[in-house]
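Heads up: the structure comes next, in structure tokens.
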Amino acid sequence: EGLIPRRYAKALYKYAQEHQCTQEVYADTQRLEEVFASHPALSKALSNPALSTTEKEQLLVTAAGNEAGKAILRFINLVILNHRESLFRATMLAYQDIYRKENNIARVTIVTATAISDDIMERIKGLLKKELNKELEYIYETDPSLIGGFILRVESMQLDASIQNELNKLRIKLLNK
């Protein structure tokens, strides 16, 4: 997302390492990212020049929640102090990237047309764990537009075995003839 958020994320990671709370900060950044994703107005509010720095800091502290650790609260204060609040979400995402790389964690996204059973999900997890030799984090989504099949994303790789994808390929073949 940019050089500045990455630098701030690296500084936060280094601070968390020194205070042995990298995992706690990782959980805080994930929680904050969920808040940003579910409340798009939060990013707009942080960019609003009409709000005071105190109000912006209070917004972020509230978004962090009661479980927020001391490290993330100090970081919020630093970001506000340096007027980088508009880059806060990007910094949280950059921290998560750094943490995953440092801890050999791969993010796996599974998208299916309908919900799948726990048994099938466990089989998929078992296969991926054997193949990837990494700690895995799963995100599961349903998308009825796929019609059937699934899409599997692991970091930057994607396997699209959906019926929608097959229909698109067929349509392109027919148009090219």
Side-chain angles (χ1 to χ4, degrees), residues 1-112 125 128-129 132-143 145-146 150-160:
E1 253 304 317
L3 187 61
I4 295 170
R6 190 112 184 114
R7 284 185 179 164
Y8 273 79
K10 282 180 183 178
L12 176 58
Y13 189 79
K14 189 172 182 176
Y15 176 85
Q17 274 183 318
E18 290 169 1
H19 291 85
Q20 295 154 352
C21 61
T22 56
Q23 191 172 7
E24 178 187 317
V25 173
Y26 181 63
D28 288 340
T29 62
Q30 287 179 312
R31 198 170 38 260
L32 279 160
E33 172 49 31
E34 287 173 16
V35 172
F36 273 94
S38 61
H39 299 89
L42 182 56
S43 291
K44 289 178 185 171
L46 291 174
S47 298
N48 185 346
L51 287 178
S52 70
T53 55
T54 307
E55 290 170 319
K56 291 177 182 182
E57 183 172 5
Q58 193 56 48
L59 268 174
L60 287 175
V61 168
T62 303
N66 294 336
E67 315 89 46
K70 194 167 130 181
I72 202 73
L73 295 175
R74 287 187 61 157
F75 185 72
I76 288 170
N77 184 269
L78 174 74
V79 167
I80 296 295
L81 199 65
N82 291 319
H83 305 288
R84 299 294 190 188
E85 57 274 358
S86 63
L87 303 172
F88 192 78
R89 185 177 187 187
T91 304
M92 297 297 96
L93 294 171
Y95 180 90
Q96 290 175 37
D97 271 351
I98 292 167
Y99 181 86
R100 283 191 208 105
K101 284 179 183 142
E102 291 293 321
N103 292 283
N104 199 28
I105 298 172
R107 182 175 250 187
V108 177
T109 304
I110 302 169
V111 185
T112 59
K125 287 179 179 180
L128 288 172
K129 191 162 182 83
L132 296 175
N133 197 24
K134 286 185 171 189
E135 182 80 24
L136 301 174
E137 275 184 7
Y138 291 92
I139 299 170
Y140 180 70
E141 301 170 1
T142 57
D143 181 359
S145 72
L146 296 180
F150 63 91
I151 298 173
L152 178 69
R153 288 184 206 102
V154 180
E155 294 175 329
S156 62
M157 299 177 291
Q158 177 172 302
L159 169 65
D160 190 341

Original post:
Does CG belonging to Asn104 count more than 12 external heavy atoms closer than 6.0 Å?
Top reply: yes
Ring pair (Phe, Tyr, Trp, His ring centres under 6.0 Å) pairs touching residues 13-35, sequence neighbours excluded, are Tyr13-Tyr95, Tyr15-His19, Tyr26-Tyr99
Item checked: Any Thr53 side-chain heavy atom under 4.5 Å of His83 side chain -> yes
Salt bridge present between Lys134 and Glu155 (N-O < 4.0 angstrom) | yes
ask   = If we only count heavy atoms from C-beta on, is the Val25 to Leu12 side-chain gap below 4.5 Å?
value = yes
Ion pair present between Glu137 and Arg100, side-chain N to carboxylate O less than 4.0 angstrom? yes
Using atom types as modelled, flag every donor-acceptor pair under 3.5 Å from a side chain in residues 59-73 to any protein atom, sequence neighbours excluded.
residue: Thr62; atom: OG1; partner: Gln58; partner atom: O; Å: 2.8
residue: Thr62; atom: OG1; partner: Gln58; partner atom: NE2; Å: 3.4
residue: Glu67; atom: OE1; partner: Arg31; partner atom: NE; Å: 3.2

Exactly one of Thr91, Ile98, Leu87 clears side-chain contact (heavy atoms from CB on, under 4.5 Å) with Arg6, and that residue is Ile98
| Taking the side chain as C-beta and beyond, is there a heavy-atom pair between Arg153 and Val111 under 4.5 Å? | yes
Problem set entry | Glu57 and Asn77 side chains, donor-acceptor separation under 3.5 Å | yes
Between Glu33 and Leu93, is there a side-chain heavy-atom distance shorter than 4.5 Å?
yes
Would you please say whether a donor-acceptor pair under 3.5 Å links the side chains of Tyr138 and Thr109?
no
CD1 (Ile110) and CG (Leu159) are apart, to the nearest 0.5 Å, by 11.0 Å
**4.5 Å side-chain heavy-atom contact, Gln158 and Ile151** = yes
Sorted by chain and number, sequence neighbours left out, ring pair (Phe, Tyr, Trp, His ring centres under 6.0 Å) with Tyr8 holds for none
